[in-house]
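Scope of the values below: all heavy atoms of this structure, side chains included, with no hydrogens, waters or symmetry mates. These numbers were taken from a predicted model, which means no experiment stands behind them.
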Amino acid sequence: MAGPHTLPAELTVYTVADALPRFKAWLDEDIADQGDGPCLRVDAQAVAEVDAAGVQLLLSLANSLTARSCRLIVNQPSAALRAACEALGTSSLLDAPHPMEALP
Amino acid sequence: MSTPEDDDLISEMLPAFMEEAHEQCDALEQLLLELEAAPGERRLLDALFRCAHTIKGSAGVFGLDKVVGFAHHVEALLHKLREGELALTPALSTLLLQSNDVLRSLVNSARDEGEECSTVLQAREALVLRLRTAGQGESPAALVADPLVLPAPEPVAAQGSRRWHVSVQFGADTFRHGIDPLSLLNYVRGLGEIPFVACDTLGVPTLDNLDPENCHLCFEFSLDTSASRAEIDNAFKFVREDCVLHLIEPGASPKDFVALIEAMPDKPRLGDILVSAGAITRVQLAQGLQSQADAASEPGSGGVAPLLGELLQSTAAVSGTVVAAALQKQQRQRGASGGGGDDNSYIRVHADRLDEVINLLGELVIAGAGASMLARQSRQRGLLEANQQVTRLIEGIRNSTLKLRMVPIGETFARFRRVVRDTAAELGKEVSLEIEGGDTELDKAMVERIADPLMHLVRNALDHGLEPADQRVQSGKPAQGRLTLSACHESGSILIRIIDDGRGVQREKVLQRAWERGLVEQGVVPSDAEILDLIFAPGFSTADTVTNLSGRGVGMDVVRSNVEALRGSVTMVSEPGQGSCIEIRLPLTLAIIDGFLVGVGSSKFILPLDAVVEVIANRATATAVDASGRCCVELRGEVLPVVNLRTLYALDSPQPERSSVVVVRAGARRYGVQVDALLGQHQTVIKPLGLMLRSLRGVSGSSILGTGEVALIFDASALGQLAAQPRTVPGKTLRSDGQASPIANPSL
């Protein structure tokens with residue numbers, strides 16, 4: 001299992017360009033299977049400011065992991081991140097194994 | 001939004017849904033039982049979730065709200081299990097098994113339109129409460145159900161507001177123009193309520209292909225508002241040039257949504273999203289998209305849009321068969337030719353149609369045999385070769401057609417896992433069930449008819465055979481008893497064994513009971529095999545108490561008669577203190593066999609080819625025979641008992657000077673059958689014996705040869721047993737019963 005890695009306090013259109021190479025580096029780490037499937041854990045309790053661009057970057061990370069047959073697990077999402085995902089209809093990022101299974 | 005056409009389509013497709021839903025429920029049960037032995041196994045947890053998910057999705061197509069609602073709770077609990085938020089305990093496993101039973105009964109009642117009785121409703125609500133409580137990590141057991149505590153109903157649009165559907169695809173430069181879709185949606189919320197919003201998450205590229213300052217977001221949402229179209233449109237005025245906006249009015253027709261999907265061909269999940277939003281039913285979507293596909297495939301139209309099958313199956317929420325049926329129905333309605341367009345590898349065929357084909361095939365085999373015979377008589381080379389080709393093709397069709405009816409017995413065996421689990425728990429015994437040879441195939445009709453006898457034998461083994469744990473430990477055995485169900489092919493038959501490592505049959509008790517019941521003359525001690533056979537006598541039971549499961553003595557004789565009705569046999573082998581093994585031998589199919597044709601005088605007989613080991617041809621007819629026409633020959637240093645069919649069946653023709661012996665295998669034994677002529681291999685359709693001839697022993701059916709003659713087909717095992725029985729009156733063996741045997745066996 002790789003991680004947990006920490007999401008930055010600000011995940012907005014102003015910081016996503018800087019966050020992208022860091023996220024890419026996480027992908028390059030060895031994601032091992034610890035019994036519940038290969039997954040990348042990220043800690044989101046520090047996220048205080050987030051907009052649609054930030055959520056889009058997280059979706060991109062999740063899609064990248066899926067392409068590698070891995071999952072994204074977001075630990076301790078902050079209230080701001082929860083509210084943003086709920087408003088954008090992407091709560092599955094925080095609850096389900098992968099956004100692909102968000103819809104019934 | 002359903003129309004009369006939808007109702008017709010649903011009614012026609014409902015049986016397919018019910019059958020598939022039952023398969024999912026069966027799979028769910030098996031997975032749960034497997035999971036009890038391997039609680040954390042990811043593969044099982046994922047598969048469990050998919051079963052519940054598929055049932056829920058397919059039920060949604062048909063508007064089966066009760067099934068959807070209940071399946072949702074099961075799915076939610078399975079999701080928590082899968083995520084590791086809950087551990088599988090025995091109580092939780094029992095709750096899920098009970099919930100699966102309720103799902104089955106809900107699927108069964110899918111056709112019922114009447115009101116549900118309050119008892120059933122309350123019981124289900126209590127189970128829902130237990131599921132939800134278990135989902136919160138509390139014990140699911142011993143919860144007093146409060147029927148008044150129900151999940152809150154889904155909110156409806158507020159008075160005066162109408163539900164719009166909004167589709168917005170933001171352009172790449174949205175972020176650069178200072179627009180935040182999150183803020184925009186929050187602003188739109190100010191116009192009313194957004195009960196549902198979905199984002200096309202798959203439209204976002206992976207990190208390698210992403211420019212994070214480009215916007216790739218696309219949303220579908222419902223908006224309950226009293227605002228006008230202009231007012232809603234106005235909310236998007238600052239992004240109007242940066243997005244593609246579709247506003248679909250309340251009460252819009254499915255065509256409007258199909259047009260929306262057509263407008264965005266690069267959003268493959270759009271169909272799913274719209275259905276989830278409640279904007280369109282899956283049936284309407286299927287019809288609409290089929291028309292889209294038809295139009296796209298017309299010459300000069302350009303590319304082909306994604307078909308419904310791909311759209312809906314991508315989330316595994318709707319079964320392929322249901323989807324394919326919807327598309328096929330649409331195509332029939334339009335008079336279009338060709339298939340449903342999906343690439344499922346299975347086709348459901350009504351069993352009656354298959355039986356009709358097999359019947360015709362049987363007649364074809366007979367007609368082919370007749371043609372072969374005439375071709376041989378004509379001695380025309382060209383005709384002979386052509387006929388050989390036809391025979392090869394008929395054989396090929398025969399093999400393929402018979403395979404259509406073959407199903408693995410493992411599916412039947414797997415049902416017993418639940419029976420063993422629950423029955424062992426009821427009896428307070430620990431039992432493990434092992435299944436061997438589950439992929440052994442036999443005719444579907446046979447599988448259905450053997451299920452009940454097998455059930456009785458399994459329950460019997462659990463009740464009588466296997467001891468409680470403390471008794472087993474005292475005897476030096478492991479506390480957990482072992483019950484094995486095995487199946488294999490042997491000598492043209494299928495051999496099913498039920499083996500337990502329990503206490504075995506206690507001969508003294510059986511004999512005592514037989515004396516008491518008058519089944520055996522007082523004081524007479526039959527052979528070991530005959531004592532074990534007594535267990536199959538009607539009314540025989542050595543059980544001291546009658547339990548719910550067994551002990552009334554009405555089971556084993558019914559098992560035998562059911563098996564014999566299938567042209568099979570059942571025997572028992574037992575070792576006191578070690579365990580018992582019941583063997584059921586059945587023909588592979590009731591329809592056609594490969595046989596070896598032999599002649600005795602003017603009569604023709606057929607031996608199952610798989611039972612024929614070898615032939616000793618053209619030897620001097622043995623003269624040292626007993627009163628029953630039996631003799632022995634030496635075969636490679638071993639003595640082989642040989643039966644003379646002429647004597648056994650009292651045939652009148654004179655014995656020739658030279659005859660042949662066909663060596664036949666019946667189980668572990670071998671014996672020889674003396675015949676006048678060897679007529680070679682002969683594939684044959686089995687015709688059942690008429691009522692008058694049903695009591696014939698050793699004969700399992702008849703066949704019509706190409707010449708029009710009738711040949712009797714032997715059952716190798718039964719023939720061997722018949723030949724082995726001592727006779728007092730030679731030649732009169734077949735219709736008499738109880739001769740020279742200490743056992744008055746009414747089954748003779």
Side-chain angles (χ1 to χ4, degrees), chain A residues 11-28 33-39 49-68 71 73 80-81 83-93 95-104, chain B residues 40-43 45-46 49-50 53 56-57 60 68 71-72 75 79 82-84 170 174-176 178-186 189 194 196-217 219-221 269 272-273 275-277 314-317:
Chain A
L11 204 57
T12 66
V13 66
Y14 306 107
T15 61
V16 287
D18 293 332
L20 178 64
R22 210 157 11 111
F23 282 16
K24 278 185 178 175
W26 295 347
L27 281 183
D28 292 335
D33 187 345
Q34 289 287 314
D36 56 353
C39 58
E49 212 177 322
V50 60
D51 66 5
V55 172
Q56 178 180 266
L57 189 61
L58 281 178
L59 287 173
S60 180
L61 174 62
N63 286 348
S64 304
L65 287 165
T66 299
R68 290 165 163 75
R71 299 182 294 146
I73 297 181
L81 184 57
C85 286
E86 202 174 311
L88 292 172
T90 58
S91 294
S92 57
L93 250 185
D95 298 329
H98 190 268
M100 280 184 75
E101 292 178 25
L103 293 170
Chain B
E41 189 162 328
R42 183 76 201 188
R43 174 188 62 87
L45 290 165
D46 284 342
F49 179 85
R50 279 197 301 273
H53 190 64
K56 190 175 105 169
V68 173
H72 173 74
E75 186 193 53
H79 175 65
R82 183 170 70 158
E83 291 310 296
F170 290 98
T174 301
F175 295 150
R176 291 189 188 85
I179 306 295
D180 178 14
L182 176 61
S183 302
L184 181 60
L185 280 178
N186 285 335
R189 271 191 179 86
I194 297 183
F196 174 86
V197 57
C199 174
D200 185 16
T201 55
L202 284 188
V204 176
T206 57
L207 289 175
D208 288 336
N209 303 312
L210 178 76
D211 178 347
E213 290 171 1
N214 277 356
C215 182
H216 302 276
L217 298 173
F219 298 95
E220 304 291 325
F221 60 92
R269 297 194 69 223
D272 271 335
I273 296 172
V275 172
S276 302
S314 66
T315 57

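- Across B:Leu207, B:Asp208, B:Thr206, a single residue satisfies side chain to side chain contact (heavy atoms under 4.5 Å, CB included) together with A:Leu27, and that is B:Leu207.
- In plain terms, the two heavy atoms of B:Pro212 and A:Ala17 that are nearest each other are CG-CA, 3.9 Å.
- Contacts of B:Pro181 with chain A are made by both backbone and side-chain atoms, with heavy-atom separations under 4.5 Å.
- Between chain B and the options A:Lys24, A:Glu86, A:Gln56, the largest number of non-hydrogen pairs under 4.5 Å is found for A:Gln56.
- In this structure, A:Leu59 and B:Cys199 have side chains that are in contact, with non-hydrogen atoms separated by less than 4.5 Å.
- Of the atoms belonging to B:Arg189, it is side-chain heavy atoms, and not backbone ones, that fall under 4.5 Å from chain A.
- Using a 4.5 Å cut-off between heavy atoms, A:Val50 contacts chain B through its backbone alone, with no side-chain atom that close.
- For A:Asp18, there are no side-chain hydrogen bond (donor to acceptor under 3.5 Å, both in side chains) partners two or more places apart in sequence or in a different chain.
- A distance-only check finds a donor-acceptor pair linking the side chain of A:Asn63 to the backbone of B:Val204 [under 3.5 Å].
- Rounding to the nearest 0.5 Å places CG of A:Asp51 at 7.0 Å from CG of B:Leu182.
- Interface check for chain B: of the options A:Leu57, A:Val16, A:Thr90, the most heavy-atom pairs under 4.5 Å are formed by A:Val16.
- For a residue to count as touching a neighbouring chain, one of its non-hydrogen atoms must lie under 4.5 Å from one of that chain's; by this rule B:Leu210 touches chain A with backbone and side chain alike.
- A:Val13 and B:Phe175 get closest at one heavy-atom pair: CG2-CB, 3.8 Å.
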